[in-house]
**Q** 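Here's a structure for you.
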2 protein chains.
Amino acid sequence: MSRCLISHLEVQGFIERCMTAVGTKPHHARSLAEVLVEGDHRGHYSHGLNRMDMYVKDIQTGICAKDGEPVVEKESVATALVDGKNLLGPVVGNFCMNLAMKKAKEVGIGWVVAHGSNHYGIAGYYAMQALKENMIGMSFTNTSPLVVPTRGKECTLGTNPISVAAPSKDGDSFVLDMATSAVALGKVELHERRGDTIPEGWGCDAQGTLTTDPKRVLNGGGLVPIGGSEATGGYKGYGLGMMVEMFCGILAGAKYSKNIRTWKVTDRVADLGQCFVAINPDNFAAGFNDRMSELLTIQRGLEPADAEKPVLAAGDPERMNIKKCEELGGIPYHINVVNYMNECGKRVGVSPLLPCDKLLPDQ
Amino acid sequence: MSRCLISHLEVQGFIERCMTAVGTKPHHARSLAEVLVEGDHRGHYSHGLNRMDMYVKDIQTGICAKDGEPVVEKESVATALVDGKNLLGPVVGNFCMNLAMKKAKEVGIGWVVAHGSNHYGIAGYYAMQALKENMIGMSFTNTSPLVVPTRGKECTLGTNPISVAAPSKDGDSFVLDMATSAVALGKVELHERRGDTIPEGWGCDAQGTLTTDPKRVLNGGGLVPIGGSEATGGYKGYGLGMMVEMFCGILAGAKYSKNIRTWKVTDRVADLGQCFVAINPDNFAAGFNDRMSELLTIQRGLEPADAEKPVLAAGDPERMNIKKCEELGGIPYHINVVNYMNECGKRVGVSPLLPCDKLLPDQ
């Protein structure tokens, strides 16, 4: 009985209470709570409630601004440069994505970049906003250095995610939301805690050599770009990570590459760069949704190599996780995470705390 | 003495003569010749002179149109949908990229997609056009199915390349030009011819299992997406391949996925979908080129894991190849390729043929 079930609304309310208790504006707290719950709902627990204490601390210490709104600094009918004013990442993200969608409705595309931003949760959240308007959405962010470029041995790039969402038919969609590293740091940490080795192609040691020992990756080594070694195309993942940095830190005039503060060290403002794009299929060939649906159907209908593992499309694993939550009637959380966050809630004096009465049998 | 040196202009003139001999309009022939020579110049021999006979045949058989110009079907200040009218890929590509750049100069971004196109050579050629105007360029194309989606065993996606070019200072730049498969088919073919095995993570057999035997990849198997197996993140490469298809076949209303004709089988028009983007850094934070230069300097200045292998940025291997050609005073070609193309030239009655008097010592 290590897991308990908590409803979407209970988690969201709790995060909002914790954030407003330390002085966050209510609608900023709501923006953050929505992104974090959506992360958990989609099964990306590393980007959900699990990180709430970081955001609470950012507001408490004043390293992140609690007041103000993002400002448009430069604008055309199709583009904008936004100053995020050091506000919470989701506040900046929602502002920029809404602006991009407004422009895309008018001229077919909106390309908006922001400097002065902070961690914004799952990149897919912003890309998916465009689906509500039957548009294509994209979102990119730079992050603290955790990835070693091909041939190097020092971390100079973040996991710099790429997210792209495209609408199909009947609410179906394609949602790619991926780090440009082979895996997230959390996966390596998980293997280390369990005492397991990691597959070759996830990370390297301090000498830049690929290793299957998670300890070596975490102590002076780093994640490697998608593709793994140079022989298997790791330089492509490295190039994609650089592309994301170019769209974010470089285009927006934010911090970039190894000039971004170290992961988990909040000694100075993050000044992250982020990029948000909306594209209106109506400006291109008619019948987008039908073709998108057929494209997804072709892949999902393929005979799998292993009968137990159906061929999926990007976004399907998350869709399956959401369905599981709906069947259970809530989001399953590990008791330790709930207790930890309730301690955090007590410290800032909120009530009620997260309920942990609906225990789930162990998996 | 298996290689000979031919000047850039000699190769270009020869390709133009061969193409016009079969009825291609002179400026269309020039567009094609320029892209192919640039492919060789950058060291991507698989996308250069080596493919000329395919284009000659496409015009001879009439499977590709020799007359007409691309047409804008739908347009906003920032977007356009183009009918490539089944013209040569480079004719469509240049038309679309020029249009994207014109829009980017006016409103900061131009996003142009084309249906009814054909093979357009290296994707990087079009992205790099934007560098001349100090803009960011992107180019994507779908291609004949050669890649097996993660968990599948049938080829339903092309090698669907992503190219992104961004200007730095003093003529320097970042130029990513990558297939979304782990490697190009040509690399597997080369290993098969040599009798070598391939690294795990390049391709799979007809059962969808990763294999190190190039024969199995070429006979009923297929290339796998960047990232290789599911455990090492192959689903990310698969997602990127789908993203490119979404920007190309789906957005443009061209053929897509397994509906694209089989590679090397030109029994029907290709109707490829392609996407061209230009972004003007002037619309975003001032100082783009300086930051881009610093980003490249950080990576190139890293201490390499292996002292013999410096850390590079995307575009550097091609820059080194161009420098080598300049030092040699021409592009080195294998005699067999020159002879083969001269036979092709003779058949269509052109003269002069490619010179092969400047022999190079074996490597």
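Below, chains carry the letters A, B, ... as their sequence lines are ordered, and counting in each starts from 1.
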**Q** For B:G152 versus A:A305, what's the shortest heavy-atom pair and its separation?
**A**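 Heavy atoms of B:G152 and A:A305 come nearest at O-CB, 3.9 Å.
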**Q** Please examine the side chains of B:L81 and A:N283, heavy atoms only from C-beta on, and report whether any two atoms are closer than 4.5 Å.
**A**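 The answer is no; the side chains never approach within 4.5 Å.
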**Q** Looking at A:K74 and B:F284, would you say the former's side chain and the latter's main chain have a donor-acceptor pair under 3.5 Å?
**A**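 Yes, the answer is positive, given that a donor and an acceptor are paired below the 3.5 Å cut-off.
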**Q** Under 4.5 Å heavy-atom distance to chain A, tell me which part of B:I136 shows up: side chain, backbone, both or neither.
**A**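 Contact with chain A involves the side chain of B:I136 alone.
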**Q** What's the spacing between B:T150 OG1 and A:L312 CG if we round to 0.5 Å?
**A**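 Going from the OG1 atom of B:T150 to the CG atom of A:L312 covers 9.5 Å.
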**Q** Considering only heavy atoms, which portion of B:I109 lies under 4.5 Å from any heavy atom of chain A: side chain, backbone, both, or neither?
**A**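 Both parts, backbone and side chain.
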**Q** Using non-hydrogen atoms and a 4.5 Å limit, figure out which bit of A:A252 sits close to chain B: side chain, backbone, both or neither.
**A**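 Only the backbone of A:A252 comes within 4.5 Å of chain B.
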**Q** Carefully, step by step, assess B:E245 and A:L295 under the rule side-chain contact (heavy atoms from CB on, under 4.5 Å).
**A** CA-CA 9 Å; B:E245 186 58 280; A:L295 177 64; 3.8 Å; yes
**Q** For A:K153, does the NZ atom sit with more than 12 other heavy atoms under 6.0 Å from it, leaving out its own atoms?
**A**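 Counting neighbours around NZ of A:K153, more than 12 heavy atoms of other residues, nucleotides or ligands fall under 6.0 Å, so yes.
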**Q** Please rank A:D306, A:I298, A:D290, A:V112 by heavy-atom pairs under 4.5 Å with chain B and give me the top one.
**A**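 The residue among A:D306, A:I298, A:D290, A:V112 with the greatest pair count is A:I298.
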**Q** Do the non-hydrogen side-chain atoms of B:M246 and A:M292 ever get within less than 4.5 Å of each other?
**A**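 The answer is yes; the side chains approach within 4.5 Å.
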**Q** Do you know which of A:G201, A:P304, A:G108 has the most heavy-atom pairs with chain B at a distance under 4.5 angstrom?
**A**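 Between A:G201, A:P304, A:G108, the count favours A:P304.
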**Q** Within a strict 4.5 Å, meaning less than it, do heavy atoms of the B:M242 and A:F174 side chains meet?
**A**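 Sidechains of A:F174 and B:M242: in contact.
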**Q** Would you mind checking which part of A:V107 comes under 4.5 Å of any heavy atom in chain B, side chain (CB onward), backbone (N, CA, C, O), both or neither?
**A**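 Its backbone and side chain both get close to chain B.
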**Q** Of the backbone (N, CA, C, O) and the side chain (C-beta and beyond), which part of A:D282 lies under 4.5 Å from a heavy atom of chain B, both, or neither?
**A**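 Interface part for A:D282: backbone (N, CA, C, O).
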**Q** Measure distances from B:I226 to the heavy atoms of chain A and classify the residue's part below 4.5 Å as side chain, backbone, both or neither.
**A**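 Looking at B:I226, backbone and side chain both touch chain A.
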**Q** For B:Y238, give me all partners under ring pair (Phe, Tyr, Trp, His ring centres under 6.0 Å), at least two apart in sequence or on another chain.
**A**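 B:Y238: no ring pair (Phe, Tyr, Trp, His ring centres under 6.0 Å) contacts found.
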**Q** Using non-hydrogen atoms only, which part of B:F288 is less than 4.5 Å away from chain A: side chain, backbone, both, or neither?
**A**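 Contact with chain A: backbone and side chain both.
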**Q** Non-hydrogen atoms of chain A under 4.5 Å away: do they reach the side chain of B:Q207, the backbone, both or neither?
**A**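 Backbone only.
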**Q** Does any backbone or side-chain atom of B:T232 lie under 4.5 Å from a heavy atom of chain A? Answer side chain, backbone, both or neither.
**A**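 For B:T232, the contact with chain A is made by backbone and side chain together.
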**Q** At a heavy-atom distance under 4.5 Å, which candidate from A:R291, A:K258, A:E73 has the highest pair count against chain B?
**A**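 That would be A:R291.
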**Q** Which atoms of B:W111 are under 4.5 Å from chain A, going by heavy atoms: the side chain, the backbone, both sets, or neither?
**A**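 Answer is both: backbone and side chain atoms of B:W111 are under 4.5 Å from chain A.
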**Q** Tell me, side chain or backbone of B:N289 under 4.5 Å from chain A's heavy atoms, or both, or neither?
**A**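 It is neither, since no heavy atom gets under 4.5 Å.
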**Q** Count the heavy-atom pairs under 4.5 Å between each of B:G208, B:S257, B:G233 and chain A, then report the option with the highest count.
**A**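 Max contact count across the listed options: B:S257.
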**Q** Is B:I198 close to chain A through its backbone or its side chain, or both, or neither, when contacts mean heavy atoms under 4.5 Å?
**A**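 Neither the backbone nor the side chain of B:I198 comes within 4.5 Å of chain A.
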**Q** What residue, out of B:P225, B:A314, B:G227, has the most heavy-atom pairs lying under 4.5 Å from chain A?
**A**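 Heavy-atom pair counts peak at B:G227.
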**Q** Check each atom of B:P310 against the heavy atoms of chain A and say whether the ones under 4.5 Å are side chain, backbone, both or neither.
**A**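 Both parts, heavy atoms under 4.5 Å.
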**Q** Please tell me if the side chains of B:L302 and A:T156 come closer than 4.5 Å, counting only heavy atoms from C-beta onward.
**A**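 Counting from C-beta outward, B:L302 and A:T156 do come under 4.5 Å.
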**Q** Which atoms of B:E75 come close to chain A, meaning under 4.5 Å heavy atom to heavy atom: side chain ones, backbone ones, both, or neither?
**A**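 Interface part for B:E75: neither.
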**Q** So which residue, B:E106, B:E200, B:R151, ends up with the most heavy-atom pairs under 4.5 Å with chain A?
**A**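 Heavy-atom pairs under 4.5 Å are most numerous for B:R151.
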**Q** Go through B:V82, B:L251, B:L157, B:I162 and name the one with the most non-hydrogen pairs under 4.5 angstrom from chain A.
**A**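 Max contact count across the listed options: B:L251.
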**Q** Does A:V164 form a side-chain contact (heavy atoms from CB on, under 4.5 Å) with B:L240? I'd like the steps, not just the answer.
**A** CA-CA 9 Å; A:V164 181; B:L240 290 168; over 6 Å; no
**Q** For the pair B:T79 and A:I279, evaluate side-chain contact (heavy atoms from CB on, under 4.5 Å) and give the outcome as yes or no after the intermediate values.
**A** CA-CA 9 Å; B:T79 66; A:I279 300 170; over 6 Å; no
**Q** For chain B, which of A:T209, A:N280, A:V311, A:V148 has the most heavy-atom pairs under 4.5 Å?
**A**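 Sorted descending by pairs with chain B, the first entry is A:V311.
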**Q** Heavy-atom pairs under 4.5 Å with chain B - which of A:K103, A:E154, A:E294, A:Q299 has more of them than the others?
**A**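 The residue among A:K103, A:E154, A:E294, A:Q299 with the greatest pair count is A:Q299.
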**Q** If contact means a heavy atom pair closer than 4.5 Å, which residues of residues 178-188 of chain B contact chain A?
**A**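 Within residues 178-188 of chain B, near chain A: B:M178, B:A179, B:S181, B:A182, B:V183, B:K187.
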**Q** Can you measure from CD (A:E230) to NZ (B:K309) and round to the nearest 0.5 angstrom?
**A**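 So the CD of A:E230 and the NZ of B:K309 are separated by 5.5 Å.
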